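Keep in mind the model is a prediction, meaning the values are calculated, not measured.
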Amino acid sequence: MIESRSIFGPGFLALIALLVIAALMSGSLRALVLVVLVLIIGFSLGLLLGRRRESVTGGETALDTPSSGLNSSHFSARFLDSALKEMREGLLVIDADMRVVASNRAARNLFSDLNDVIDSRRLTELTRNPAIYDAFLDAVRGKERTGVKVETYGQERRVFDLRVVPLRSTNGHGSGGAVGVFFDVTRLERLEIIRQEFLSNVSHELRTPLTSIRALAETLENGAIEDHQNNRRFLSIIQKNADRMHRLIDDILELSAIEAGNVKVKPEIIQLHPLVEDVIASLSASAVARKITVYDLVDRKAEVFADPHRLLQMLTNLVDNAIKFNREGGTVTIRHESDRADRIRVEDSGEGIPAHHLDRLFERFYRVDRARSRELGGTGLGLAIVKHLARAHGGEVIVESRFGEGSQFTIELPHNITMKATASATLNV
């Protein structure tokens, strides 16, 4: 019979190699490697437990083991314990009596505080979650369980994919226990929910203008093209909805590129006042249509460290919103302050935003007044784009509002003293 210690050394090295590979991988490949890791751990633990049982039965003691073997096993056990302890996945090993015989830090955090001792305790003492207990019970009875969804509710809701593998005794009779690995899939589930909501919102946003275009096209086809009093109005509505779809698709592509990290900002020292004037000029037609007065109170010498194209995009979105959702005959004011950071403020005299909307205002497709936003041509993505671009600069965008008194959006941009000094020196030369 092959000695357990003779195969433990190579097996241990293979286990460490798998741990390193799993740490470097992600997604389905990482999950596959971890499943193989669970099988190796199960085999090793079963073999070691069986050898320990045989040694006790045969009257052997630890002192009968050669000193070199004892030192090697002791070192290997300590090294294995250190490696498993730092795994992000929770590892829990139980015996045939459903008592915990081994666990790592992540598993202990699942069931109790970090300093609580969970070894030697029954599984029912640690959790009342039936999904966890049933999965380990089936494994003890010899049935492997994979894909068990486990939810925990502490300070926040967390979701785990539990995989449990039975441990076989060395003589092949009976069960030696079970080993389970808890994969934290909370973030993956959250991203899946966001993806589903995004697809639902995009479908809804595209369906509205498409329905209008289709209905008017059918009306014109059925004879309204000869109606000289209404045909041009129908064509104008079709054009308006087509433009809205075009803006929506452009914003979706822009936001997707920003979130994927494919949009790189190239900050430089720029004069802020001329850039604000360009924004006001580009939106002058919509401001005049709604009798909105836009004030540029930015100092003519003000400088900021930002990507000029992206800052123009951010300010255009904010000023455009301030004009659209303002009171007719209201005002929009643009200011600049500089202390610990550069702050560009866009204030309006509109009706303000109710407090319960403020936390979600920068989410994709979130609207305070959906009907009014669609009527004014909004896509629901402008503020999300502003938020991501501000963060790409290392800054942030903040909103303050009082219902009935107007709103104030602030873009915070960090200083870059070294780059400013270098740019100033270059300009002087």
Side-chain angles (χ1 to χ4, degrees), residues 251 254 265 270-300 302-355 357-363 366-369 372-373 376-414:
D251 284 350
E254 179 77 8
V265 296
I270 58 174
Q271 298 291 324
L272 182 58
H273 187 273
L275 187 141
V276 172
E277 287 295 315
D278 289 343
V279 172
I280 295 174
S282 66
L283 299 172
S284 59
S286 59
V288 170
R290 303 201 70 245
K291 300 178 182 178
I292 304 295
T293 304
V294 183
Y295 296 101
D296 180 4
L297 301 186
V298 176
D299 188 281
R300 292 183 178 274
E303 294 180 341
V304 294
F305 184 70
D307 184 314
H309 171 66
R310 297 303 176 182
L311 182 57
L312 180 70
Q313 187 177 1
M314 288 189 283
L315 286 175
T316 300
N317 273 319
L318 293 182
V319 176
D320 187 34
N321 281 349
I323 293 172
K324 285 178 179 177
F325 300 103
N326 210 326
R327 293 187 177 96
E328 187 169 341
T331 61
V332 175
T333 305
I334 305 165
R335 309 174 189 273
H336 170 256
E337 299 173 3
S338 182
D339 41 40
R340 291 178 293 105
D342 286 304
R343 295 183 178 86
I344 308 170
R345 305 187 189 277
V346 178
E347 305 171 4
D348 65 64
S349 59
E351 298 176 357
I353 303 168
H357 289 291
L358 295 180
D359 290 339
R360 301 189 59 190
L361 203 59
F362 295 96
E363 293 181 10
Y366 189 81
R367 292 185 175 95
V368 177
D369 187 342
R372 187 181 180 191
S373 178
L376 296 173
T379 64
L381 296 174
L383 290 180
I385 291 174
V386 172
K387 178 192 72 173
H388 285 288
L389 288 178
R391 290 181 177 177
H393 282 81
E396 190 56 87
V397 58
I398 303 167
V399 58
E400 299 175 15
S401 183
R402 290 187 178 182
F403 190 63
E405 298 182 12
S407 304
Q408 175 181 278
F409 288 82
T410 303
I411 299 174
E412 286 191 356
L413 298 174

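Taking CG from Leu283 and CD1 from Ile323, the interatomic distance works out to 5.0 Å, rounded to the nearest 0.5 Å. Interatomic distance, Thr316 OG1 to Asn321 CG, rounded to the nearest 0.5 Å: 11.0 Å. Note: Phe409 CZ to Asn317 CG = 11.0 Å, rounded to the nearest 0.5 Å. Separation of atoms CD (Glu363) and NZ (Lys387) is listed at 7.5 Å; rounding is to 0.5 Å. In this structure, Leu297 CG and Glu347 CD are separated by 8.5 Å, a value rounded to the nearest 0.5 Å. With values rounded to the nearest 0.5 angstrom, Asn326 atom CG is found 10.5 Å from Glu328 atom CD.
Taking Thr410 as the reference, Arg345 meet the side chain to side chain donor-acceptor pair (under 3.5 Å) condition, with sequence neighbours excluded. Residues passing the side-chain contact (heavy atoms from CB on, under 4.5 Å) test with Ala302 are Leu272, Val298, Asp299, His336, sequence neighbours excluded. For the side chain to side chain donor-acceptor pair (under 3.5 Å) test, no residue two or more places apart in sequence or in another chain qualifies with Gln408. Residues that satisfy the side chain to side chain donor-acceptor pair (under 3.5 Å) test with Asp339, not counting sequence neighbours, are Arg343. Remark: Arg300 pairs with no residue by the salt bridge (Lys or Arg N to Asp or Glu O under 4.0 Å) rule, at least two apart or across chains. Take Glu396 and apply the salt bridge (Lys or Arg N to Asp or Glu O under 4.0 Å) test, not counting sequence neighbours, and it matches Arg391. Considering only residues two or more places apart in sequence or on other chains, Gln271 meets the side-chain contact (heavy atoms from CB on, under 4.5 Å) condition with Pro274, Glu303. For Glu277, the side chain to side chain donor-acceptor pair (under 3.5 Å) criterion is met by no residue, not counting sequence neighbours. Taking Phe403 as the reference, Pro354 meet the side-chain contact (heavy atoms from CB on, under 4.5 Å) condition, with sequence neighbours excluded.
The main-chain N or O of Val332 is never found under 3.5 Å from a side-chain atom of Asp348 such that the two would form a donor-acceptor pair. In terms of modelled atom types and a separation under 3.5 Å, the side chain of Ser349 and the main chain of Thr331 share a donor-acceptor contact. Without hydrogens or angle criteria, Thr333 side chain to Asp296 main chain gives no donor-acceptor distance under 3.5 Å.
Here the closest heavy-atom approach between residue Ser407 and residue Gly352 is recorded as OG-CA, 3.7 Å. Residues Val294 and Ala287 come closest through the heavy atom pair CG2-CB, 4.3 Å.
If you run side-chain contact (heavy atoms from CB on, under 4.5 Å) between Met314 and each of Leu389, Ile344, Ile385, only Leu389 comes through.
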Expected list for residues 305-313: side-chain donor-acceptor pairs under 3.5 angstrom, two or more places apart:
| unit_1 | atom_1 | unit_2 | atom_2 | d |
| --- | --- | --- | --- | --- |
| Asp307 | OD1 | His309 | N | 3.0 |
| Asp307 | OD1 | Arg310 | N | 3.3 |
| Asp307 | OD2 | Lys266 | N | 2.8 |
| Arg310 | NH1 | Glu254 | OE2 | 2.4 |
| Arg310 | NH1 | Gln313 | OE1 | 2.8 |
| Gln313 | NE2 | Glu254 | OE2 | 3.3 |

Step-by-step side chain to side chain contact (heavy atoms under 4.5 Å, CB included) determination, Leu383 to Val399: CA-CA 10 Å; Leu383 290 180; Val399 58; over 6 Å; no

